[in-house]
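Everything on this sheet refers to the single structure shown next.
Counting convention: from 1, in listed order, for ligands and their atoms alike. For reference, positions follow the sequence shown, starting with 1. Computed from a predicted model, the values in this text were never measured in an experiment.
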Amino acid sequence: MSQRTPFYITTPIYYVNDKPHIGHCYTTTVADAIARFHRLAGRDVFFLTGTDEHGQKVEKSAAAAGATPQQLADENAAVFERAMRLIGASNDDFIRTTQARHERQVQAAVSRLIASGDIYLGTFEGWYDEGQEEYVTENAAREKNYTAFNGKPLVRAKEENYYFRLSKWQPELEKFLAANPHFVKPAARMNEVLGRLRQGLQDVPISRTNFSWGIPILDAPGGAPGRHVIYVWIDALLNYTTAIGAIDRLCGKEPSGAEDRSAYWPADVHLIGKEILWFHAVIWPALLMALGLETPHCVYAHSFWISEGQKMSKTLGNFIDLATLEAYIDRFGLDALRWYLLTQGPLRETDADFSYAKFVEVYNADLANGIGNCASRVGNMIEKYFDGRVPPAPQTAVFRFPPGSPPPSAIQVQPQDVAASLETVFDWPRDVREFVHKAEKQFRAVDVAGALLEGIALVGRVDAFINLTAPFKLAKTIEANPGAKDQLAAILYCCAEAVRVASLLLAPAMPAKMSQLWKTWNCAPAGGVPLHKVGEFGGPHALRPGGTIAKGEPLFVRADAKEPAPRPPESV
Ligand code: MSP
C-alpha cells in the first residue's frame with residue numbers, strides 16, 4: 001500500500017436471486033462518487049462491491065429455473081457486474097461469496113469463534129409448520145390452536161444449531177456506541193439502533209441444516225465439513241474482511257498476491273440501505289469484537305427510492321429496472337443519470353421519488369442551464385475575444401461592485417447591466433477556497449448531494465459575475481476604451497478558472513463529462529495532487545494564460561419535458 005492515507009468504502013453485496021435495479025445501482029453510485037472524491041483528495045482508496053450468492057432463496061430460485069445454484073449465481077453475478085459497469089462504478093474489486101478466497105476465510109473465522117466459545121452448538125425446540133418450513137412462536141401457535149397454515153397440526157420440532165453469543169457483547173456494544181455517536185449515520189438511524197438495543201440482545205442461530213447451499217462449518221472430526229452450513233448473513237458480512245485478506249492476516253497467513261490489502265481494515269464507510277442496518281450496526285461490530293478485529297468507522301444507512309410516488313414492488317411491477325435506467329442513459333447520458341441519483345436520492349432519513357418530471361427539471365437547471373451553459377458561455381467568449389487562448393491572469397482577482405472605495409488590491413468594474421446599489425465583492429481566490437473547503441467537508445461527512453451542490457453553487461457564482469460584469473457589452477467598448485481589453489481579460493480569466501475548479505467538485509458525480517471539459521480546455525488535473533492544491537484558484541495548477549480553450553461540443557443539450565419518459569425498447 002502507498003504512503004497515502006487509506007480510505008476503504010463498501011456497498012452491500014447484492015443477492016443473486018434478484019435482478020439489479022435502481023436501488024442497487026444507487027448505493028453503488030453513491031459509494032462510487034465518494035470513492036472518486038477521496039481519490040481526488042489524494043487518498044489511497046479501496047472501493048468494494050460484489051454479490052451475495054449463498055442461502056436457501058438462491059437454492060430455491062435455481063431449482064425453479066432448472067439450474068444448479070452455482071450456475072444461477074454465475075449468471076446473475078455477471079449481470080450485477082455489468083450493471084456496475086453500466087453506471088460507471090470504479091470499484092477496485094468485486095467479491096463473490098462463492099469464491100474460494102471468501103469461503104476459506106469464512107470457515108477460518110467461524111472455526112476461530114467456535115474455538116473461543118463465541119459460537120457454540122445449541123438446541124432450539126419449538127412449534128414447526130412443516131408446510132411453510134418455519135417455526136411459529138409459542139404465542140402464535142396458541143392463537144392458531146396449534147394448527148399449521150395448511151390446516152395440519154403444528155409439530156413439536158427440535159433443531160441443533162450453532163449460535164453466536166451475541167448477548168455477551170451487549171455491554172461492549174453499548175459502550176462502543178456511546179463512545180462513537182457517529183458510528184451510525186444519519187442520526188435518526190442511530191436512535192433506532194439504540195432503541196432496539198435497549199430491549200436486550202439474544203444469541204443468534206448462525207447455521208442451518210435444512211438446505212445445503214452455503215459454506216459448510218468445519219466441525220466434523222479433523223476439522224472436516226459437517227452437516228451445518230453457515231447462515232447467509234454471517235457469510236455475507238464477512239465479505240468486507242475476506243476481500244482484503246484481513247481474516248487470512250488474522251490467522252497468521254500471508255495474504256496472497258503482491259499487495260497486502262489487509263491494511264485497509266477497518267473500513268471507513270459501509271454504505272447500506274436502511275433495511276439491513278441491524279446486521280451492520282449490531283451483529284457486525286459484535287462479530288468483529290469477538291474476532292479481535294477493529295470495528296469500522298461508520299455505517300451509513302440511506303433510505304429508499306420509490307417510483308412515481310409509489311413503493312416499488314414485484315406485485316406492482318413498477319421497479320425502475322436496469323433496462324429503464326439504460327433508456328435514461330441513452331437519452332440523457334450516464335452522467336446526467338448519476339447526477340439525478342446523487343443529488344435527488346434518498347441519502348438521508350426520507351425516501352425519494354424517482355420521477356421523470358423531476359429528472360427533466362433537475363437536468364435542465366443544474367446541467368443544461370447550469371454547468372453546461374456556463375462552460376460554453378465562457379469558452380465561447382474566450383474563443384471570440386481571445387482567439388481561443390486563455391487570457392492573461394489579472395494581478396488581483398478581487399472585484400468590488402459598485403466601485404466605491406476599493407482596497408488597493410481590488411479591481412473596479414463598473415456594473416454593465418444591473419444598477420447595483422448593493423456592494424458586492426467577488427474575491428475569487430477566497431470564494432473558491434471556501435467552496436472547495438465546504439465540498440470537501442460534506443463529502444467527508446457522506447453528504448454527497450450537499451457537496452455536489454457546492455460545485456453547482458460555484459457555477460452559479462460565475463453566472464452572477466458574468467451578469468454583473470456583462471463582458472459581451474464590455475467587448476463592444478474595446479475600440480473606444482483601450483483599458484477595456486484588460487478588464488475583459490481579467491473577467492474571463494476568473495470565470496474560466498472558477499469553472500475549472502467547479503468541474504473538479506462535480507467530477508465525482510460526472511467523471512465523463514468533466515473529462516470532456518478538461519480535454520477541450522486542456523486542464524485535466526494532475527493525478528495524485530490533492531484537491532485543495534489542484535483546486536487552488538490561480539495556484540500552480542491553474543489555467544495557463546495562452547493555453548488553448550477549444551469550443552467543443554456542448555456538455556448537455558436542453559431537455560423538453562413534453563417528450564415522453566424514456567422507456568426500454570421492448571416496453572415501447
Ligand atoms: N445480500 C444482502 C446484503 C448483504 S451485505 C453484507 C442484501 N442484498 S440485496 O440485494 O437485497 O440489496 C439490498 C441493498 O440494495 C439495500 O441495502 C440498498 O443498498 C439497495 N436497495 C435495494 N432496494 C432499494 C431501494 N428501493 N432504494 C434504495 N436502495 C435500495 O440485502
Measuring centre to centre across the rings, with the benzene-like ring taken for any Trp, is Phe359 within less than 6.0 Å of Phe332? yes
By number and element, which atoms of ligand 1 are closer than 4.0 Å to a non-hydrogen atom of Asp52? 1 (N), 2 (C), 4 (C)
His297 ring center within less than 6.0 Å of Phe183 ring center: no
Closest to atom 21 (N) of ligand 1 among Cys25, Gly23, Ala352 (heavy-atom distance): Gly23
Backbone or side-chain N or O of Tyr240 under 3.5 Å from ligand 1 N or O: no
Residues passing the side chain to side chain donor-acceptor pair (under 3.5 Å) test with Arg82, sequence neighbours excluded, are none
Geometry only, no angles: is His280 polar-contacting ligand 1 at N/O separations under 3.5 Å? no
If the cut-off is 4.0 Å to any non-hydrogen atom of Gly273, which atoms of ligand 1 fall inside it? 16 (C), 17 (O), 18 (C), 19 (O)
State whether the shortest distance between N or O atoms of Tyr14 and N or O atoms of ligand 1 falls below 3.5 angstrom. no
What atoms in ligand 1 come closer than 4.0 Å to a heavy atom of Glu275? 13 (C), 14 (C), 16 (C), 17 (O)
Is Arg43 positioned over the aromatic face of Phe7, cation under 6.0 angstrom from the ring centre and no more than 45 degrees off axis? no
Cation-pi check for Tyr340 against Lys358: NZ or CZ below 6.0 Å from the six-membered ring centre and within 45 degrees of the axis, yes or no? no
Output yes when a side-chain donor or acceptor of Gln170 lies under 3.5 Å from a complementary backbone atom of Leu197, and no otherwise. yes
Heavy-atom distance to atom 27 (N) of ligand 1: which of Phe279, Trp305, Tyr15 wins? Trp305
Below 4.0 angstrom from a heavy atom of Met312, which ligand 1 atoms are there? Numbered from 1 as shown, please. 26 (N)
Is the closest N or O pair between Ile276 and ligand 1 shorter than 3.5 Å? no
Is there a polar contact between ligand 1 and Ala236, counting only N or O atoms under 3.5 Å apart? no
Pairs touching residues 284-312 that satisfy salt bridge (charged side-chain N to carboxylate O under 4.0 Å, His left out), sequence neighbours left out: none
Does CD in Glu563 sit with more than 12 non-hydrogen atoms of other residues, nucleotides or ligands closer than 6.0 Å? yes
With heavy atoms only and a cut-off of under 4.0 Å, state how Pro346 meets ligand 1: side chain, backbone, both or neither. neither
Could you list the atoms of ligand 1 found under 4.0 angstrom from a heavy atom of Ser303? 28 (C)
As an exercise, identify every atom of ligand 1 less than 4.0 angstrom from a heavy atom of His24. 10 (O), 12 (O), 15 (O)
What I want to know is whether Tyr26 and ligand 1 share at least one N or O pair that is separated by under 3.5 angstrom. no
Backbone or side-chain N or O of Thr27 under 3.5 Å from ligand 1 N or O: yes
Hey, is Trp233 touching ligand 1 through its side chain, its backbone, both or neither, going by heavy atoms under 4.0 Å? side chain
